[in-house]
2 protein chains.
Amino acid sequence: MASRKKPEPATAGQGALAFASHDHAGCRGDVLARVATLSPGAGIRLTPVRRRTLEILLESHRAMGAYEVLDRLAAEGFGSQPPVAYRALDYLVEHGLAHRIRRLNAFAACMNPGDDHSPVFFICKGCNGLAEAPARPVRAAVEAAAGAIGFSVERMTVETLGLCPGCQGQGA
Amino acid sequence: MASRKKPEPATAGQGALAFASHDHAGCRGDVLARVATLSPGAGIRLTPVRRRTLEILLESHRAMGAYEVLDRLAAEGFGSQPPVAYRALDYLVEHGLAHRIRRLNAFAACMNPGDDHSPVFFICKGCNGLAEAPARPVRAAVEAAAGAIGFSVERMTVETLGLCPGCQGQGA
DNA sequence: TATCATATGTTATAGCATAACAGGTCAAGC
DNA sequence: GCTTGACCTGTTATGCTATAACATATGATA
Ligand SMILES: [Zn+2]
Ligand SMILES: [Zn+2]
Ligand SMILES: [Zn+2]
Ligand SMILES: [Zn+2]
């Protein structure tokens with residue numbers, strides 16, 4: 001049975017929904033709502049460009065290149081030069097509202113803002129979908145390896161490339 | 001004096017040595033020797049450019065940008081255009097003799113060729129040093145997270161930024 | 001020898017990212 | 001009110017990273 005009620009609006013953050021067809025409007029709405037509750041307290045200032053940039057990233061479970069975002073912003077009357085997009089994106093990343101996906105030289109909205117940060121990313125090479133999942137056990141394993149050589153970890157990037165459930169078994 | 005005996009030529013591969021001062025000539029030699037034993041069997045063809053590229057990467061426990069490698073190659077009489085470096089580097093990466101460090105847009109020699117691949121990388125932001133360590137437990141944790149959403153992992157990137165033992169406690 | 005695969009080199013271009021500067025807004029303090 | 005300073009947005013210009021497309025060489029195969 002489907003659940004009649006959503007006790008956990010954060011489900012999308014676990015990555016389960018990203019690759020399944022789902023009520024993405026609600027998905028996006030949940031994130032924006034969570035951001036709204038964070039904004040004042042955490043010293044986050046969502047100006048028009050930043051908010052719009054976040055909304056653009058939230059349109060799909062994909063990562064977007066900075067220039068792709070820039071095109072969208074420019075088309076909507078914002079600045080048309082690279083720094084406009086990079087500044088907004090960098091701000092979102094620094095404040096935990098977006099992530100940089102290094103393998104793709106691209107950015108994606110954080111699906112779980114405020115929570116467990118330094119997630120693991122799953123990039124589907126079939127459909128370009130992107131899912132984000134909490135990485136606490138991964139982080140622990142990394143810390144163990146770091147401890148063995150006396151290294152102190154500040155930031156961690158974990159990205160995987162593979163096939164989502166939908167793209168498995170269909171050749172490509 | 002050189003070490004009298006090396007019971008574990010693979011020690012460097014565990015990352016323990018990378019940040020410590022050590023007999024790096026031996027370190028590099030070990031890797032090259034291991035590569036030599038792999039080359040014929042694994043269908044690896046180390047042409048002059050490729051070999052030289054690998055040697056350049058092996059000069060230090062750092063990652064090098066493609067253009068930095070290119071400058072070196074050009075100065076030694078090889079081609080002077082980007083594809084020369086990129087092709088050699090890509091070949092080394094594809095054959096497990098080097099790694100791409102995405103956070104740095106750079107490349108590093110693999111310190112453990114032939115063994116456990118998809119290691120975890122430790123990047124020291126103090127000295128730019130780079131260490132590579134086996135990532136089996138990390139991989140397991142990632143696979144667990146992937147399994148939970150039905151994602152099938154093909155390649156994994158784990159990079160951390162932090163401070164090596166030598167750079168900790170000295171402000172920078 | 002003719003053919004094919006592989007490797008190396010070139011020119012040109014695409015894609016990603018930042019430095020440096022200019023003007024605008026707004027609140028705090030005089 | 002006016003000034004100051006913090007911050008945001010926009011610009012131009014440039015730098016760094018990476019690949020496409022084409023030309024030539026070499027060596028193994030048939
Ligand atoms: Zn969604
Ligand atoms: Zn997919
Ligand atoms: Zn060494
Ligand atoms: Zn260091």
Side-chain angles (χ1 to χ4, degrees), chain A residues 39-40 42-57 62-95 97-108 123 125 128 130 157 159 161, chain B residues 39-40 42-57 62-95 97-108 123 128 157 159 161:
Chain A
S39 299
I44 295 177
R45 240 179 106 184
L46 270 199
T47 62
V49 209
R50 293 173 185 161
R51 165 173 298 278
R52 194 67 197 108
T53 299
L54 179 58
E55 288 169 356
I56 289 169
L57 290 181
R62 289 194 312 115
M64 289 181 81
Y67 280 72
E68 197 179 348
V69 170
L70 178 59
D71 285 347
R72 295 287 308 274
L73 290 174
E76 300 178 15
F78 293 100
S80 63
Q81 300 306 314
V84 170
Y86 279 102
R87 280 197 289 238
L89 290 166
D90 289 347
Y91 183 92
L92 294 176
V93 169
E94 270 166 27
H95 291 77
L97 304 183
H99 296 287
R100 185 169 206 143
I101 310 299
R102 308 213 88 111
R103 178 180 283 270
L104 303 176
N105 290 325
F107 300 81
I123 306 164
K125 67 179 184 180
N128 292 313
L130 176 77
T157 303
E159 296 172 2
L161 186 70
Chain B
S39 298
I44 294 178
R45 243 181 103 182
L46 269 198
T47 62
V49 210
R50 292 171 186 165
R51 165 173 299 278
R52 194 67 198 108
T53 299
L54 179 58
E55 289 168 356
I56 289 169
L57 290 182
R62 287 195 313 114
M64 289 180 80
Y67 281 71
E68 196 180 350
V69 170
L70 177 59
D71 285 347
R72 296 286 309 274
L73 291 174
E76 297 176 19
F78 294 99
S80 63
Q81 301 306 315
V84 171
Y86 279 101
R87 279 196 289 239
L89 290 166
D90 289 347
Y91 183 93
L92 294 176
V93 169
E94 269 167 26
H95 291 77
L97 304 182
H99 296 287
R100 188 170 205 144
I101 311 299
R102 307 212 89 111
R103 178 179 282 270
L104 303 175
N105 289 325
F107 300 82
I123 306 164
N128 291 314
T157 303
E159 298 172 359
L161 185 70

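- Considering only the side chain of Pro83(A), dT18(C) comes nearest among dT18(C), dA17(C), dT9(D).
- Among dA18(D), dA21(D), dT9(D), the nucleotide with an atom closest to any side-chain atom of Tyr67(B) is dA18(D).
- Of the residues near DNA chain C, Arg87(A) and Ala66(A), the one whose nearest nucleotide (by heavy atom distance) lies more toward the 5' end is Ala66(A).
- The side chain of Arg52(B) contributes no N or O atom lying less than 4.0 Å from OP1 or OP2 of dT8(C).
- Distance, Leu89(B) CG to dT8(C) C1': 15 Å, rounded to whole Å.
- Considering only side-chain atoms of Arg100(B), the nucleotide from dA18(D), dT11(D), dT11(C) that sits closest is dA18(D).
- If Thr47(A) and Ala106(B) are placed on DNA chain D by their nearest nucleotide, the residue sitting closer to the 5' end is Thr47(A).
- Judged by atom type and distance alone, Tyr86(A) does not reach the base of dA19(C) through any side-chain donor-acceptor pair under 3.5 Å.
- A sub-4.0 Å separation between OP1 or OP2 of dA7(C) and a side-chain N or O of Arg50(B) is present.
- Among the atoms of the strands shown, none is found under 4.0 Å from any heavy atom of Arg102(B).
- Rounded to an integer number of Å, the gap from CG of Leu104(A) to C1' of dT17(D) is 16 Å.
- Put simply, CG on Leu73(A) is 11 Å from P on dT11(D), counting in whole angstrom units.
- Nucleic acid contact class of Phe78(A) (heavy atoms, under 4.0 Å, all strands): sugar-phosphate only.
- What separates CD of Glu68(A) from C1' of dA17(C) is a distance of 16 Å, to the nearest Å.
- Separating the CE atom of Met64(A) from the C1' atom of dA17(C) is a distance of 17 Å, rounded to the nearest angstrom.
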